[in-house]
Amino acid sequence: MSQELIATWLGLEAGEWPPNHYRLLGLKPGEGDASLIEERVHQRLDMVRRYQMMYPDQATEAMNLIAQAFVCLTDPAAKKVYDLDRGLNGAVAPVAPVAGSTAVSSTAPVAPTAEAADADEPVVVLYNPADDVLPPPVIVPYDETLPPPVALVVPDAELPPVTLPVEVPGPHVPLPPPVVPGRRAVRRALYKRMARMRRLLDHWNAAGKYLATPKRRVTSPAEAKDLLLHLTGVRDRLPELSVPLGQAGQAGYHVLTLAQLNSVPTFQTLAPQQREVLGRDWHDGQKVLEDQRIVLRVEIRALRRQSTLQRVGRNGVRFVKGHPGAVLAALAVLSLVVVLFRTFVFDWLPRGH
């Protein structure tokens, strides 16, 4: 049953199981483009994830097959052995030696052994290219009639001097000071984030009417429409907030998977164990959203409770960080005024006797 389901999901023909890696990924036999292999792997995984809620065991089996194919076809050594076993890319599988015979493939290198040291014909030694080792050496008997090797003499030539480019530094352009948002901008951003969080929580809590209790069933078309409405709201509003929710390994992952399927019949056919997992996942996601809303409330209250002196000090610190040059210039002018005052004005003031 699982083989038929996986074959239906991936559009495979019934036949040999498990299918070879190329057939599983929809590639031509012997494909060597790593980027294309990775692209097909992601496409196959996306196709399988659609059925992960209804058929978790079969989806896991399909993902394992796809992962094995990816590991094998992206490793050059493993792919070479895999293609060799199937005669792909011009590879020829090694031929097993026949008893009582020393003849092998004409392409295999040969090397003499100790038993055949005095023999005229060398003994053929099998060499398997899949072993990823150097082939055995081929010893050629010495022939006195052959001329000695000629050494190649390359005359010394004067090479032209190499001129390396000299990097000329350009004019120094100072970076603009960082733009620090004011108090109104910060408060406005917090209010907008709080409004989005409330809308997301409204959809989440409304969907919990059907998801929080494992035994709860959708009994009418109006309830089915209501559940789809709130699941769609959760799916569309979650990207507006950077909340640790809905990703693999995080709370709310199963709820977001169901929202992406966008199918009430799929929700109705879930097994009791899957409904329990879905209910726990909904409660965990609700806790994450409530904690995020509490954090936003604390930040808004802290911004509201600032006194006038605190606001002035905060704005002063922000101005100093944003305009250090202006602050230094102001201090220099103040120092010059003090020096001039003490030099020309202080002596004119009347002094008591």
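- Residues satisfying the salt bridge (Lys or Arg N to Asp or Glu O under 4.0 Å) test with D291, not counting sequence neighbours, are K287.
- Under the 4.5 Å side-chain criterion, counting only non-hydrogen atoms from C-beta, D83 is in contact with K79.
- Every salt bridge (Lys or Arg N to Asp or Glu O under 4.0 Å) that R293 has, sequence neighbours left out, goes to E290.
- Shown here are the side-chain hydrogen bond (donor to acceptor under 3.5 Å, both in side chains) partners of D75, two or more places apart in sequence or in another chain: there are none.
- L190 is not connected to V295 by any chain of hydrophobic side-chain contacts under 4.5 Å among Ile, Leu, Val, Met, Phe, Trp and Tyr, and they are in different clusters.
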Open item on the list: Show, in sequence, the C-alpha distance, side-chain angles and deciding distance for L25 and L73, and conclude whether the side chain to side chain contact (heavy atoms under 4.5 Å, CB included) test is met.
Closed with: CA-CA 10 Å; L25 301 180; L73 298 184; 4.0 Å; yes

TODO: Could you please spell out the steps behind the side chain to side chain contact (heavy atoms under 4.5 Å, CB included) verdict for M63 and R44?
DONE: CA-CA 8 Å; M63 290 182 179; R44 295 300 199 214; over 6 Å; no

TODO: For the pair R40 and L36, evaluate side chain to side chain contact (heavy atoms under 4.5 Å, CB included) and give the outcome as yes or no after the intermediate values.
DONE: CA-CA 6 Å; R40 292 297 177 86; L36 179 59; 4.1 Å; yes

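- Legend: residues meeting ring-ring contact (aromatic ring centres under 6.0 Å, His included) with F70, ordered by chain and number and at least two apart, are absent.
- Every pair tested for side chain to side chain donor-acceptor pair (under 3.5 Å) that includes a residue from residues 235-257 fails, sequence neighbours excluded, so the list is empty.
- Legend: residues meeting ring-ring contact (aromatic ring centres under 6.0 Å, His included) with F319, ordered by chain and number and at least two apart, are H323.
- Evaluation of the side-chain hydrogen bond (donor to acceptor under 3.5 Å, both in side chains) rule for N205 yields Q286 as partners, not counting sequence neighbours.
- Taking Ile, Leu, Val, Met, Phe, Trp and Tyr as members and joining any whose side-chain heavy atoms lie under 4.5 Å apart, directly or through other members, V317 forms no hydrophobic cluster with any other residue.
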Quiz: residues 207-216 side-chain donor-acceptor pairs under 3.5 angstrom, not counting sequence neighbours:
unit_1, atom_1, unit_2, atom_2, d
Y210, OH, D226, OD2, 2.9
R216, NH2, E223, OE2, 3.3

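- Annotation: side-chain hydrogen bond (donor to acceptor under 3.5 Å, both in side chains) contacts of S220 (sequence neighbours excluded): none.
- Put simply, CG on D33 and NZ on K28 are 9.0 Å apart, with the number rounded to the nearest 0.5 Å.
- Partners of A206 under the side chain to side chain contact (heavy atoms under 4.5 Å, CB included) rule, at least two apart in sequence or in another chain, are H230.
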- [ ] Take L245 and W204, measure what side chain to side chain contact (heavy atoms under 4.5 Å, CB included) needs, and give me the verdict at the end.
- [x] CA-CA 12 Å; L245 184 75; W204 190 272; 4.1 Å; yes

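- Ring pair Y82/Y22 is tilted by interplanar angle, where 30° to 60° counts as tilted.
- Atom CE of M197 sits about 4.5 Å away from atom CG of L241, to the nearest 0.5 Å.
- Applying the side chain to side chain donor-acceptor pair (under 3.5 Å) test to residues at least two apart or on different chains, the pairs with a partner in residues 60-74 are S2-E61.
- Rounding to the nearest 0.5 Å places CD of Q58 at 11.5 Å from OG1 of T8.
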